[in-house]
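Reviewing the structure listed below.
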Amino acid sequence: MTPELTALTLAALLQVAQYVLFAVPANLELGTGYTMSARDRDPSRALSTGTARLQRALNNHFEGLILFGIACTVITLSGQSTALTAACAFTYLGARVLYIPAYYLGWRPGRSLIWAVGFLATVLMLLAALV
């Protein structure tokens with residue numbers, strides 16, 4: 001397996017961990033009556049600030065994972081894995097790990113800077129595939 005695919009697999013497992021980090025407090029706060037329903041209506045109470053931040057961090061990772069997955073796939077299928085693309089892949093992964101506490105704890109501007117590092121690493125991988 002290429003380093004990029006290893007990083008992608010670890011990023012997917014991080015997504016699973018993020019889901020659990022969000023789902024447990026969300027179920028406790030909203031109750032299983034709501035979380036197991038079809039959610040045709042808004043919940044009767046709001047999520048706590050921390051749980052809502054975990055939800056937004058989870059959703060943000062879903063968005064970032066799409067481009068990162070494309071980058072890893074293109075690099076691997078085109079046989080263009082290099083030290084640079086491997087470093088970018090693990091930089092993305094590291095940024096996503098740091099993003100969770102940064103978002104949860106409300107680090108400003110740290111959260112945005114961490115996000116930018118991960119995004120830039122993904123863009124560099126995509127650009128590397130074109131040269």
Checking the side chain of [X] only, and the main-chain atoms of [Y] only, is there a donor and an acceptor separated by less than 3.5 Å?
X	Y	result
Gln80	Ile75	no
Arg96	Gly118	no
Asn60	Arg56	no

Test side chain to side chain contact (heavy atoms under 4.5 Å, CB included) on Leu58 and Gln15 and set out the steps.
CA-CA 7 Å; Leu58 172 70; Gln15 187 77 342; 3.8 Å; yes
Does Arg53 make a cation-pi contact with Tyr103, if we ask for NZ or CZ under 6.0 Å from the ring centre and within 45° of the axis?
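Checked: cation-pi criterion not met.
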Can [Y] be reached from [X] by stepping across I, L, V, M, F, W or Y side chains whose heavy atoms are under 4.5 Å apart?
X	Y	value
Tyr99	Leu113	no
Val20	Leu28	yes
Leu47	Phe62	yes
Leu67	Leu127	yes
Leu124	Trp115	no

Report yes or no: do Thr51 and Glu29 form a side-chain donor-acceptor pair below 3.5 Å?
yes
Regarding Ser81 and Thr2, is there a side-chain donor-to-acceptor distance under 3.5 Å anywhere?
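No, no side-chain donor-acceptor contact under 3.5 Å.
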How far apart are the C-alpha atoms of Tyr92 and Leu65, what are their side-chain angles, what is the distance that settles it, and do they pass the side chain to side chain contact (heavy atoms under 4.5 Å, CB included) test?
CA-CA 10 Å; Tyr92 170 87; Leu65 202 51; 4.0 Å; yes
Hey, is OH on Tyr104 packed in by over 12 heavy atoms from elsewhere, all under 6.0 Å?
no
Test side chain to side chain contact (heavy atoms under 4.5 Å, CB included) on Phe68 and Cys72 and set out the steps.
CA-CA 6 Å; Phe68 182 65; Cys72 291; 3.4 Å; yes
Atom [atom1] in [X], atom [atom2] in [Y]: separation rounded to 0.5 Å?
X	Y	atom1	atom2	value
Thr82	Met125	OG1	CE	9.0 Å
Leu130	Ser78	CG	OG	9.0 Å
Thr49	Leu54	OG1	CG	11.0 Å

